[in-house]
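So the structure is just underneath, and the comments pick up after that.
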Amino acid sequence: MAPPIAYSLIATDLDGTLLRGDDTLSDRSRTALAMAVGAGARHLVVTGRPAPRVRPLLDELGSQGLAVCGQGAQLYDAGADRMVWSVTLERELAEVALGKIEAEVGEVYAAVDQDGVDGLTLIEPGYEMPHPTLPAVRVLRRDDLWTQPISKVLLRHPLLSDDELASAARGAVGSLATVTMSGPGTVELQPCGITKATGLALAAGRLGLTPAQTIAFGDMPNDIPMFDWAARGVAMANAHPELKSVADEITLSNEDDGIAVVLERMFSGGRTVPLIGRQAGPGTRPGAAQGAPRTQ
């Protein structure tokens, strides 16, 4: 079996995908990315984390280019340290959506990511951060979450699983917002129609690249629109079953340098490394619609 073609754009999720469980990047993954970039490919981070929570990793990678942040609601220029494009979730829509969800499932705990390169993550009483290494500011009451424009709302429920909460939230909010599940304990509301594919398409266009030139790596259902947009989607061994079902291939886990395995195969001309699981067909979910962007 011949190795797949080397793609010009490598889009990687962070948590559960490129990063290990302790939020570190392995030497092998760093070397594989450097090899791909040295061969002429572009590496694009596509993450649910807001831009301020991504900046330290981009500095570590030496990245001076674009990064897709906030589930596709932010396009951040690392070299200029500025947001070149962003979409915010209106307070009124967020409050109505939360009310509808709580009418269905009872009390939820909420947090928000503020918009902008210096935006904070605010958490209300009862909300626990799924990533303890990421900084957050606790507020006294829910009304304090809306003091500045936000890119998304994060939800947790004291009893429901992430899948149960995400399903109930989708049924409750309808077209008020897009509901995503991006990791353990991370169900989110973002502007309607905005997904990772929105930001990925915008970034690729600015780089002069196309879906046919793109390979994407991910681990959670929020990566499905990105897989739908890209020519090839690679799920990690630790990925959610929904993502695995639409992936073109399944590599090793994030702890076992699954991205590096694929990049080494593509860019070093070495032997093809056996994949885990079956070869799935292309994704069936529709790609993301463009939201109302705000250029800064």
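Because only heavy atoms are used, hydrogens play no part in the values below, and waters and symmetry mates are left out as well, while side chains stay in. Bear in mind the structure is a predicted one, so any value in this text is a computation, not a measurement. Positions are given from 1, in the same order as the sequence printed here.
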Please name the pair of heavy atoms, one in [X] and one in [Y], separated by the smallest distance, quoted to 0.1 Å.
X	Y	result
Ala231	Asp248	O-OD2, 3.8 Å
Met226	Ala197	N-CB, 4.2 Å
Ser182	Asn222	CB-ND2, 3.2 Å
Val68	Ala203	CG2-CB, 4.0 Å
Phe227	Ala247	CE2-CB, 3.9 Å
Pro158	Glu107	CD-O, 3.6 Å

Same apolar cluster (I L V M F W Y, side chains within < 4.5 Å links), [X]/[Y]:
X	Y	value
Val137	Leu155	yes
Met181	Leu14	no
Val117	Leu61	yes
Leu9	Trp85	yes
Leu207	Val37	no

Salt-bridge contact [X]-[Y] (side-chain N to carboxylate O under 4.0 Å):
X	Y	result
Arg142	Glu95	no
Asp228	Lys196	no
Asp15	Arg53	no

Nearest 0.5 Å, what's the [atom1]-[atom2] distance between [X] and [Y]?
X	Y	atom1	atom2	value
Thr180	Gln71	OG1	CD	4.0 Å
Thr251	Asp256	OG1	CG	9.0 Å
Leu25	Thr31	CG	OG1	9.0 Å
Gln64	Asp59	CD	CG	7.5 Å
Asp113	Arg49	CG	CZ	11.0 Å
Leu189	Lys152	CG	NZ	10.5 Å

Heavy-atom count around Glu60 CD within 6.0 Å, excluding the residue itself: above 12? yes

Would you say that more than 12 heavy atoms from the other residues, nucleotides or ligands in this model lie under 6.0 Å from the CZ of Arg156, or not? yes

Heavy-atom side-chain contact between [X] and [Y] under 4.5 Å:
X	Y	result
Thr198	Val87	no
Phe217	Ile10	yes
Leu18	Leu33	yes
Leu145	Ile150	no
Leu66	Leu75	yes
Leu44	Thr214	no

Should Arg138 and Asp144 be marked as a salt bridge (charged side-chain N to carboxylate O under 4.0 Å, His left out) after you check the CA-CA gap, both sets of side-chain angles, and the distance that decides it? CA-CA 9 Å; Arg138 191 171 296 279; Asp144 295 332; over 6 Å; no

Given 3.5 Å as the limit, does a donor-acceptor pair link the side chain of Lys100 with the main chain of Gly171, or not? no

Answer yes if the side chains of [X] and [Y] hold a donor-acceptor pair under 3.5 Å, and no otherwise.
X	Y	value
Asp257	Ser26	yes
Ser63	His43	no
Asp163	Ser161	no
Glu242	Ser245	no

Just do the side chain to side chain contact (heavy atoms under 4.5 Å, CB included) check on Leu120 and Gln148 with the steps written out, would you? CA-CA 9 Å; Leu120 302 173; Gln148 299 291 331; over 6 Å; no

For Ala169, enumerate each residue passing the side-chain contact (heavy atoms from CB on, under 4.5 Å) test, keeping only those at least two apart in sequence or located in another chain. Ile101, Val179

Residues in side-chain contact (heavy atoms from CB on, under 4.5 Å) with Ala51, at least two apart? Cys69, Gln74, Tyr76, Met83

Give me the one residue out of Val112, Asp115, Val153 that meets side chain to side chain contact (heavy atoms under 4.5 Å, CB included) with Leu89. Val153

Before you tell me yes or no, could you show the steps for Glu255 and Asn238 under side chain to side chain contact (heavy atoms under 4.5 Å, CB included), namely the whole-Å CA-CA distance, both residues' side-chain angles and the distance that decides it to 0.1 Å? CA-CA 9 Å; Glu255 299 291 346; Asn238 52 287; over 6 Å; no

Does Thr17 have any side-chain hydrogen bond (donor to acceptor under 3.5 Å, both in side chains) partners at least two apart in sequence or in another chain, and if so, which? Asp13, Asp219

Please report the C-alpha distance between Glu188 and Thr186 in whole Å, then the side-chain angles of each, then the deciding distance to 0.1 Å, and finally whether the side chain to side chain contact (heavy atoms under 4.5 Å, CB included) criterion is met. CA-CA 6 Å; Glu188 303 178 356; Thr186 314; 2.9 Å; yes

Just do the side chain to side chain contact (heavy atoms under 4.5 Å, CB included) check on Leu154 and Tyr127 with the steps written out, would you? CA-CA 9 Å; Leu154 301 90; Tyr127 187 92; 3.4 Å; yes

Residue pair Glu164, Ser167: steps toward the side-chain hydrogen bond (donor to acceptor under 3.5 Å, both in side chains) verdict: CA-CA 5 Å; Glu164 290 169 335; Ser167 177; over 6 Å; no

